[in-house]
Protein chains: 2
Amino acid sequence: MISLTEENYLKALIYLSSLAPGIEEKKDVGTSELASYLKLKSSTVNEMLKRLKEKNLINHEKYKKITLTHSGERNGLKIVRKHRLWETFLFTKLDFDWIEIHEVAEQLEHIKSEKLVEKIDRLLGYPNFDPHGDPIPNKHGKIPQRITKTLSAVNKGEKCVVLAVSDTSRDFLNYLEDLDISIKTEIVVIDKIGYDKSIKIKIKHEQYSLSRKVADNLLVGVKLN
Amino acid sequence: MISLTEENYLKALIYLSSLAPGIEEKKDVGTSELASYLKLKSSTVNEMLKRLKEKNLINHEKYKKITLTHSGERNGLKIVRKHRLWETFLFTKLDFDWIEIHEVAEQLEHIKSEKLVEKIDRLLGYPNFDPHGDPIPNKHGKIPQRITKTLSAVNKGEKCVVLAVSDTSRDFLNYLEDLDISIKTEIVVIDKIGYDKSIKIKIKHEQYSLSRKVADNLLVGVKLN
DNA sequence: TTAATTTTTTAGGCAACACTAACTATTATA
DNA sequence: TATAATAGTTAGTGTTGCCTAAAAAATTAA
Ligand SMILES: [Mn+2]
Ligand SMILES: [Mn+2]
Ligand SMILES: [Mn+2]
Ligand SMILES: [Mn+2]
């Protein structure tokens, strides 16, 4: 039996080692990196690492980096799957706000019932991506792939569509809402300013200027037509 | 902040003191009664009672009975409300089995989000009773009333409809399923056997004999027409 | 390559929740 | 009413999951 707390550690390890937006290659994770992500002290994390190792969920040698075992990754992906399915449920079936779904899903992801997850998945029509554009692992842990780039990497004149955000802070999401940017929003890159790396974009005939920082945190797919 | 464990204590106290089927008058609850209901040791419960009293959720003097404070009752009713709404959701929206909904709801009842509860309530059309026929407290803690009696109390020749069960053990629910008895099942009392207090009933032209024990645990409303 | 900095681990403490064993108060019964 | 049975409390333990302070190892910089 994996406790709620342990589940959160596994999910954090998955995020830090491979799912973090933009990161393709698997990256080893250190104790303090994990601690700071979970807003805990390193000593606390260090203690939990012993328990996770004991349960064969991670590999960890004294003073070395942490990696997930097969079992650890599979269990972590189950939580990610549940989190994103619940977010999708809250968004599409209960009309929750794009911004509010995360913290409720943070609780719902820990409900233990295979059957419930599968029923929700079915109710939603087996979605591949959550409302933030993040891939939903299937029941076997397979993650749907999609080619994305940051908005900064889109060429002048190209049309693209927002697929995900790599910053999920309230501040950023609120700012996007002000700009009327959300998943599936279509953006045309009008111009790229070399001076401050900002870009001029057009959304439904409205023009805006976005800073480099904002453009870096918007993951898009380029529209071919 | 009320912990998951504390919530379960409050819900148990509500059940034992007033919601237990058949009980109309409020009843005071003792430490060991609560302990045995929660499958815990009296000493464990005793310790928790101190914490609940500290938080002003119960009244309790050494060696005396336990009663809920206003705050304790309101908070406990919130959990009962959530439990029964989730059961209704699982049953009506996800086609869960009558028998399975309870243990999943036991987890879902602890999800903290006012908004989520209200959205689920709305999605279900503000139901007054859950799939077991138990009343769902409204958001202000008001409990819908309904006049029920045990099947044992129904007179010979009368027609009635199953509204609730007072035993929710798997054994009992499975047995009912075998008999094809569930909420809203219509039952006609054919005969009452004085010898062993068993009763003969008819369900959709099929006749059965029910023991006193079974008849005592079926709560019904008598059909007037 | 030594010194400074950062990372990781250890040691010791604490609160929530569970337990057993032993004791005390209350209630029931003879 | 005295005693036996039951109910409730206290004391001492263990686990989980968090903390601070301090030591040890590894990494980075001078
Ligand atoms: Mn999320
Ligand atoms: Mn979580
Ligand atoms: Mn139930
Ligand atoms: Mn519960």
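Reminder, nothing fancy here: chain letters follow the sequence lines and each chain counts from 1.
When the P atom of C:dC19 is taken as reference, atom NZ of B:Lys39 falls 12 Å away, rounded to whole Å. What separates CG of B:Leu4 from P of D:dG17 is a distance of 14 Å, to the nearest Å. The CD1 atom of B:Ile66 sits 13 Å away from the C1' atom of D:dT9 (whole-angstrom rounding). For the pair B:Glu54 CD and C:dA16 P, the interatomic distance rounds to 10 Å; values are reported in whole Å. Regarding B:Lys65, its NZ atom lies at a distance of 8 Å from the C1' atom of D:dA7, rounded to whole Å. Look at CG on A:Leu40: it is 17 Å from P on C:dT7, rounded to the nearest Å. Atom CG in A:Leu34 sits roughly 13 Å away from atom C1' in C:dT7 (whole-Å rounding).
For residues 42-52 of chain B, proximity to DNA chain C is found at B:Ser43, B:Thr44, B:Glu47, B:Met48, B:Arg51, defined as any non-hydrogen atom under 4.0 angstrom from a strand atom. Against DNA chain D, the stretch residues 106-113 of chain A makes no heavy-atom approach under 4.0 Å.
Note that NZ of A:Lys53 is 12.0 Å distant from OG1 of A:Thr69, once rounded to the nearest 0.5 Å. The distance from the CZ atom of B:Arg74 to the CD1 atom of B:Ile14 is 11.0 Å, given to the nearest 0.5 Å. To the nearest 0.5 Å, the span separating CZ on B:Phe89 from CG on B:Leu94 amounts to 4.0 Å.
Note on A:Glu100 versus A:Arg170: no salt bridge recorded, every NZ/NE/NH1/NH2 to OD/OE distance being 4.0 Å or above. Residues B:Glu73 and B:Lys78 are not paired through a salt bridge, judged by the lack of any N-O separation under 4.0 Å between the basic side chain and the carboxylate. A:Arg81 has a carboxylate O that lies under 4.0 Å from a charged side-chain N of A:Asp121, or vice versa, which qualifies the two as a salt bridge. A salt bridge does not link A:Lys82 to A:Glu114: none of the charged nitrogens lies less than 4.0 Å from a carboxylate oxygen. Here A:Glu47 pairs with A:Arg51 in a salt bridge; the nearest charged N to carboxylate O distance falls below 4.0 Å.
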Test side chain to side chain donor-acceptor pair (under 3.5 Å) applied to A:His132 and A:His102, step by step: CA-CA 10 Å; A:His132 299 112; A:His102 180 79; 5.7 Å; no

Given A:Lys112 and A:Glu7, is the salt bridge (Lys or Arg N to Asp or Glu O under 4.0 Å) satisfied, shown in steps? CA-CA 11 Å; A:Lys112 282 166 180 33; A:Glu7 287 185 342; 2.7 Å; yes

Could you check A:Glu109 against A:Lys11 for salt bridge (Lys or Arg N to Asp or Glu O under 4.0 Å), going step by step and ending with a plain yes or no? CA-CA 10 Å; A:Glu109 72 190 2; A:Lys11 197 172 62 131; 3.0 Å; yes

So A:Tyr9 and A:Tyr15, ring pair (Phe, Tyr, Trp, His ring centres under 6.0 Å) or not? Walk me through it. CA-CA 10 Å; A:Tyr9 275 78; A:Tyr15 180 80; over 10 Å; no

Do B:Lys65 and B:Glu33 pass the salt bridge (Lys or Arg N to Asp or Glu O under 4.0 Å) test, and can you show the C-alpha distance, the side-chain angles, and the key distance before you say yes or no? CA-CA 10 Å; B:Lys65 297 288 180 179; B:Glu33 185 185 4; 5.7 Å; no

Is there any protein nitrogen or oxygen under 3.5 Å from a nitrogen or oxygen in nucleotides 2-6 of chain C, and what are the pairs?
none

Provide a list of protein-nucleic acid N or O atom pairs under 3.5 angstrom, restricted to nucleotides 22-27 of chain D.
from: D:dA25; atom 1: O4'; to: A:Tyr63; atom 2: OH; distance (Å): 3.4

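Among C:dC17, D:dC18, C:dC19, the nucleotide with an atom closest to any side-chain atom of B:Lys41 is C:dC19. Among the nucleotides D:dG8, D:dC19, C:dT8, the one closest to any side-chain atom of B:Ser32 is D:dG8.
For the residue pair A:Asp171 / A:Ser169, no side-chain donor-acceptor distance below 3.5 Å is found, with atom types taken as modelled. The closest side-chain donor-acceptor pair between B:Ser166 and B:Asn217 falls under 3.5 angstrom.
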With both pairing distances under 3.5 angstrom for Watson-Crick or G-U wobble, and | for a partner in another strand, the correct string for DNA chain D is ||||||||||||||||||||||||||||||

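A:Phe96 is linked by a ring-ring contact (aromatic ring centres under 6.0 Å, His included) to nothing, counting only residues two or more places apart in sequence or in another chain.
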